[in-house]
Every structure is written in structure tokens, then in C-alpha cells.
Colleague: 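Mind having a look at this structure? Questions to follow.
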Amino acid sequence: MKILIADDHMIVRKGLSQVLNAQEDMCVVAEAADGAEAFIKLEAQSVDIVLLDISMPPGENGLYTAKRMKEAYPKIKIVMLTMYDERQYMEEAISYGIEGFVVKSEPNEQLIQALRTVMNGGRYYTGVNEADLSHLPHSDDEDQCYETLTKREKELLPLIALGYSNKEIASQLFLSVKTIEVHKTNIRKKLAINHYPELLRYCVKHHLIEF
């Protein structure tokens, strides 16, 4: 299986790569330090599974990155890595269709098992068996307006919340400043948000960004 590792700590990425590359059926084909870089690598490289850290500050939250990946690449399988086994995050990951959720304190053997389980079409969540997964409630998006955003608007939302200027966003996404202004107007209308502090609170509340 071809694996992409996304984690903001280089030493973690290198350690995971060494462990996984030692397996006959696994090969780490790419690494990324954040969600944006992970997307670039997915566009350039054939990948079966993304091993994605849930926390990669500052910037886009790992769960939000996973959600966008599922929308853009439905066939890609994702295993989340986290320091915490909080039920809220598990339920949110399940609602996004994420196949795996592994706590970093687990031994390497558990991570390897999780990747093989997911690759074979199953799901692996630390401390939860397959039968119990079906009984976990899915997180409900408190604001269904988010789903009315286009793919591009969802891409822009965290950048706007993080305070990037129209010019900076335009340069990063190879768009015109006028196009960015139009997208920002549409986002505010769809989310019914008129002021920057409200937008920032919305993004933090829904785990779209972290600091």
C-alpha cells in the first residue's frame, strides 16, 4: 500500500516512515507538514492511504483537512493520528467517513494493524470494535449552511479566518484579488456572518482552524 504521512513534526514523520517502510506491504511515498502541502502531494502522487495528524497548528485543523480530502478524493482512505482519544473527535471523524482513528500512544503494531484493516476495507478506531462503531452517534453539523459553500469557498474559509489579506490569498491560490473578494462576499452571505470576529469564532468552533 502507498502511504502519505502528514504531520507537522519532522521527527514524527521520519520515525513513522522508518517503521512503515520496514513492512513488506507498505511504502511511504510522500510526506507533508500540513494540510495544504498534503493536498499538493495528493495531486502529484498516487496514494492509497493518508496518515494524517489531527493537530497541525497553526492553520487548518486535521479533521477539516480530512473532510476536504474525502470530498476531493473519495477513494482515498484516511487514518487520523491524535494525542487524545476524545469521543467528540471520533464521532466527527466517523461522520466524515474517515476509516481510521489511532491514538499516538498506541504501540507501532496497532498502527500497522490499523493501516492493514483500513486497506482491506475495514475501519479501525482505538478502543472501539467494529460492532460498536455502528452505534456511535455521528456528529451533526450545527450549521448546515457550511454545506452550501463551494469547494473553493471551503478552501478559502480557513485562510480568511487566519487573517490573510486578499492579495496574499490570491497569490497563494493563483486567483485575482477581485475573485477573492467575490468569494468572501458569498461566504459571508451563506454563513450569515458579517464581521471578522464572528467568522473567526465560527471557524474555531467547528474545528476548521487551530492556533
Colleague: Check the pair Val19 / Ile112 against side chain to side chain contact (heavy atoms under 4.5 Å, CB included), numbers first and verdict last.
Modeller: CA-CA 9 Å; Val19 170; Ile112 292 169; 4.2 Å; yes

Colleague: Side-chain heavy atoms nearer than 4.5 Å, only ILVMFWY residues, links allowed to pass through others: does that put Val182 and Leu156 together?
Modeller: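 Different clusters.
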
Colleague: Checking salt bridge (charged side-chain N to carboxylate O under 4.0 Å, His left out) against Glu71, which of Lys154, Arg152, Lys151 comes through?
Modeller: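 Exactly one option meets the salt bridge (charged side-chain N to carboxylate O under 4.0 Å, His left out) with Glu71, and it is Lys154.
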
Colleague: Please enumerate all residues that pass side chain to side chain donor-acceptor pair (under 3.5 Å) together with Gln113, with sequence neighbours excluded.
Modeller: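 Once residues adjacent in sequence are excluded, Gln113 has no partner under the side chain to side chain donor-acceptor pair (under 3.5 Å) criterion.
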
Colleague: Pair up each side-chain donor or acceptor in residues 101-109 with any protein partner under 3.5 Å, not counting sequence neighbours, and list the distances.
Modeller:
{"unit_1": "Lys104", "atom_1": "NZ", "unit_2": "Asp7", "atom_2": "OD2", "d": "3.1"}
{"unit_1": "Lys104", "atom_1": "NZ", "unit_2": "Asp53", "atom_2": "OD2", "d": "3.4"}

Colleague: Write down the atom of Ile209, the atom of Ala161, and the distance for their closest heavy-atom approach.
Modeller: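 Shortest heavy-atom separation between Ile209 and Ala161 comes out as CD1-CB, 3.9 Å.
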
Colleague: Let me check something: any side-chain donor-acceptor pairs from residues 39-47 under 3.5 Å, sequence neighbours excluded? List them with distances.
Modeller:
{"unit_1": "Lys41", "atom_1": "NZ", "unit_2": "Glu31", "atom_2": "O", "d": "2.5"}
{"unit_1": "Lys41", "atom_1": "NZ", "unit_2": "Glu37", "atom_2": "OE2", "d": "3.4"}
{"unit_1": "Ser46", "atom_1": "OG", "unit_2": "Lys2", "atom_2": "NZ", "d": "2.9"}

Colleague: Quick one: do Ile160 and Val177 end up in the same hydrophobic cluster if we chain Ile, Leu, Val, Met, Phe, Trp and Tyr together by side-chain heavy atoms under 4.5 Å apart?
Modeller: no

Colleague: Can a side-chain donor-acceptor contact be found between Tyr96 and Glu92 if the only test is distance below 3.5 angstrom?
Modeller: yes

Colleague: To check you understand the geometry: which heavy-atom pair defines the closest contact between Ile78 and Met80, and what is its length?
Modeller: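 Taking Ile78 first and Met80 second, the nearest heavy atoms are CG2-SD, 3.9 Å.
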
Colleague: Going by side chain to side chain donor-acceptor pair (under 3.5 Å), name the residues that satisfy it together with Ser171, two or more places apart in sequence or in a different chain.
Modeller: none

Colleague: Does the side chain of Arg188 reach to within under 4.5 Å of the side chain of His195, using non-hydrogen atoms?
Modeller: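 With C-beta onward as the side chain, the pair stays apart.
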
Colleague: Out of curiosity, does Leu149 fall in the hydrophobic cluster containing Tyr196 (side-chain heavy atoms, cut-off under 4.5 Å, transitive links)?
Modeller: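 Yes.
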
Colleague: Only one of Asp25, Leu20, Val118, Val28 forms a side-chain contact (heavy atoms from CB on, under 4.5 Å) with Met1, so which one is it?
Modeller: Asp25

Colleague: So, taking the atom named CG in Leu191 and the one named CG in Leu157, what distance separates them when rounded to the nearest 0.5 Å?
Modeller: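 Those atoms lie 6.5 Å apart.
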
Colleague: Which value, rounded to the nearest 0.5 Å, describes the distance between Met90 atom CE and Ile98 atom CD1?
Modeller: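 Rounded to the nearest 0.5 Å, the CE-CD1 separation comes out at 12.0 Å.
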
Colleague: When you look at Leu63 and Leu208, which way does the side chain to side chain contact (heavy atoms under 4.5 Å, CB included) test go after all the steps?
Modeller: CA-CA 8 Å; Leu63 276 171; Leu208 304 184; over 6 Å; no

Colleague: Which atoms form the tightest heavy-atom contact between Ala6 and Leu52, and what is the distance?
Modeller: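 Scanning both residues completely, I find the closest heavy atoms to be CB-CD1, 3.5 Å.
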
Colleague: Is it true that Lys77 and Asp48 make a salt bridge, defined as a side-chain N closer than 4.0 Å to a carboxylate O?
Modeller: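 Answer for the salt bridge query: no.
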
Colleague: Gln172: which residues meet the side chain to side chain donor-acceptor pair (under 3.5 Å) condition with it, sequence neighbours left out?
Modeller: none

Colleague: Can you tell me how far the CD1 atom of Ile3 sits from the CD1 atom of Ile49, to the nearest 0.5 Å?
Modeller: 6.0 Å

Colleague: For the residue pair Asn21 and Met26, establish whether any side-chain heavy-atom pair is separated by less than 4.5 Å.
Modeller: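 Heavy-atom side-chain distance check fails, nothing below 4.5 Å.
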
Colleague: For Leu16 and Leu81: C-alpha separation, side-chain torsions, deciding distance, then whether side chain to side chain contact (heavy atoms under 4.5 Å, CB included) applies.
Modeller: CA-CA 11 Å; Leu16 288 172; Leu81 280 174; 3.7 Å; yes

Colleague: Within the supplied structure, the quantity of interest is the number of heavy atoms (other residues, nucleotides, ligands) at a distance under 6.0 Å from Tyr164 OH; does it exceed 12?
Modeller: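 It does not: Tyr164 OH has 12 such atoms or fewer within range.
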
Colleague: Got a second to check how far Met10's CE is from Ser17's OG, nearest 0.5 Å?
Modeller: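 Between atom CE of Met10 and atom OG of Ser17 there are 11.0 Å.
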
Colleague: Could you tell me which residues satisfy salt bridge (charged side-chain N to carboxylate O under 4.0 Å, His left out) with Lys70, sequence neighbours excluded, listed by chain and number?
Modeller: Glu99

Colleague: Which pair of heavy atoms, one from Ser55 and one from Asp8, lies closest together, and at what distance?
Modeller: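 Closest approach of Ser55 to Asp8, heavy atoms only: O-OD1, 3.4 Å.
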
Colleague: About how many Å separate CG of Leu199 and NZ of Lys184, when rounded to the nearest 0.5 Å?
Modeller: 9.0 Å

Colleague: Kindly compute the distance separating CD (Glu181) from CD1 (Ile169), expressed to the nearest 0.5 Å.
Modeller: 10.5 Å

Colleague: Checking Lys167 against Ile180 for the side chain to side chain contact (heavy atoms under 4.5 Å, CB included) test, could you report, in this order, the C-alpha distance in whole Å, the side-chain angles of both residues, the deciding distance, and whether it holds?
Modeller: CA-CA 8 Å; Lys167 186 176 181 180; Ile180 300 301; over 6 Å; no

